[in-house]
Amino acid sequence: MLPRARRERGSQIRPRLIHAVMAAMISLASAWTSCLFAAESAPTTAPPPVIYRARVEGVINPFSARYLERAVRETERAGAAALVLELDTPGGLDSAMRSMIKAELNSHAPVIVYVSPSGARAASAGMFITLGAHIAAMAPGTNIGAAHPVSLSERGQESEVMSAKVTEDAAALARAIAERRQRNVAWAEAAVRDSVSITATEALDQGVIDIVARDLEDLLAQADGRPVSTPGGEMVLRLRGAETRDLPMGFVERLLHVIADPNVAYILLTLGTLGLIVELYHPGTLFPGVTGAICLLLGFAALGTLPVGWAGAALLVLAVALFLAELHAPGFGGFGIGALIAFLLGSLLLFVPVTPPSPAAPVVRVSLWLVGTMTVLFAGTILLIAQRVWAAQRLAPLTGAESLVGRLGVAKSALAPEGTVRVKGETWSARTAGASIESGASVRVQKAEGVVLVVEGVAPEEAASDPS
């Protein structure tokens, strides 16, 4: 009776336990599933956008163009939100400017040109580059424009026809860029034809630029949400709170950009020339020659990026040739003075091109103070080396028959008029210029005719008093 009751109670407990376990497992599965759905539906924090920043200062040259092209490539490769180009330039070479504009117009990454800081300018080539950006911005206190071709007519070297051709070409380029970026076409053309220049605020009011920004942060905040058109299609800028990564010039780019300054190029050419002159005067010194060769090579590299007046360069070469001629001429005369005049004129005309310059090019000239300093240095070098050469020419020969002129000797045989004499321990053929001289008499060398000495007799008292 008892065992049977126990079995009945056990059979009633087991189903309840199974139901409880199953309910617990279902609850755990539901909780786990809810957690998974919650994790998937939870919002993720997107990383901030990244922008790259590059900076170009000074004259626009091929090295500036290569730098911008590299910056555009790296921005595109990294998938950055935009490239900000900070700009401050008086202008530059037409070919370099056009390369930079091509890089902007064909960039798949938005390019923002920011004329900054306050006091900076985007003149001549800088105006074209600014107009070509997807977003054009300027800092307060900056200016843009003045892109009229730099006329050489005042120097009597440019015809009106050539000036008109250059102006028309530049005006067409300005209109094309302004139309492409939907900016003020009329003002862009006026900047070329009438050399118009305006402030940042005026540029914003006239539709030349898009933004006036105090700093980079303000620029990114104002540019955020603006639509731009790239070769890849329309896109909207997302720049607020962006992380900025600098793209500075590399060492070689920075070096080549620095030497492209006309004053630096002029110094390199002058020092290089002087170094080679010193090496020619004193062969084997090596340091002046090696240094001079390096300076000249860097100077020639710089000349390739500047509007060179080859008449000025020819005058500098002429100055060196006249200086070398002066070293072989007695006294300081016409060659030396001609070298100084040619050097001074060549320095002044070195960056005065004969052909009409591009409207992108600024007025390039060497500082007059620098020209004066280098001219004095050149003249000082001429005088120093010429003085050494003249002194060496006046020195008595140290070897050979010429070195015996004025020396005393003794007749080894009778001179009637020819015979032999002994001078400074050496026996020489000799002849007398006057009366015959007996063997053993004292003689003085008057001159040398090849290997024959011309002598004269000397009294014993005079020979004894002569210290030589």
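Basis for what follows: all heavy atoms, side chains included, without hydrogens, waters or symmetry-related copies.
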Item to check | Passing candidate, side chain to side chain contact (heavy atoms under 4.5 Å, CB included) with H134, options V111, L83, D210 | outcome: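 Among V111, L83, D210, the one meeting side chain to side chain contact (heavy atoms under 4.5 Å, CB included) with H134 is V111.
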Kindly give the heavy-atom pair with the smallest separation between [X] and [Y], and that separation in Å.
X    : Y    : answer
E279 : G289 : OE1-N, 3.2 Å
V228 : P110 : CG2-CG, 4.1 Å
L105 : G132 : CD2-O, 3.7 Å
A54  : A71  : CB-CB, 4.3 Å

Checklist entry - How would you list, by chain and number, every residue that makes a ring-ring contact (aromatic ring centres under 6.0 Å, His included) with F63, sequence neighbours excluded? => result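 F63 satisfies ring-ring contact (aromatic ring centres under 6.0 Å, His included) with no residue once adjacent residues are dropped.
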Item to check | Sequence neighbours excluded, every pair satisfying salt bridge (Lys or Arg N to Asp or Glu O under 4.0 Å) that has a member inside residues 216-232 | outcome: R214-D218, D224-R240
Item to check | Within residues 295-319 or reaching into it, pairs that qualify as salt bridge (Lys or Arg N to Asp or Glu O under 4.0 Å) - sequence neighbours excluded | outcome: none
Checklist entry - Taking NZ, NE, NH1 and NH2 as the nitrogens, is one of them in D246 or R55 under 4.0 Å from a carboxylate oxygen of the other? => result no
Checklist entry - If only atom types and distance count, is the side chain of T89 paired as donor or acceptor with the main-chain N or O of G58 below 3.5 Å? => result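 Pair found, side chain donor or acceptor close to backbone of G58.
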Run the side chain to side chain donor-acceptor pair (under 3.5 Å) test against [X] and tell me which residues pass, sequence neighbours left out.
X    : value
R238 : none
R98  : D94, D169
E253 : R70

Checklist entry - Are side-chain heavy atoms of L247 and T75 found at a separation under 4.5 Å? => result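 Yes, their side chains come closer than 4.5 Å.
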Checklist entry - Do the rings of Y266 and F343 sit parallel, tilted or perpendicular, given the 30° and 60° boundaries? => result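 Ring orientation of Y266 relative to F343: tilted.
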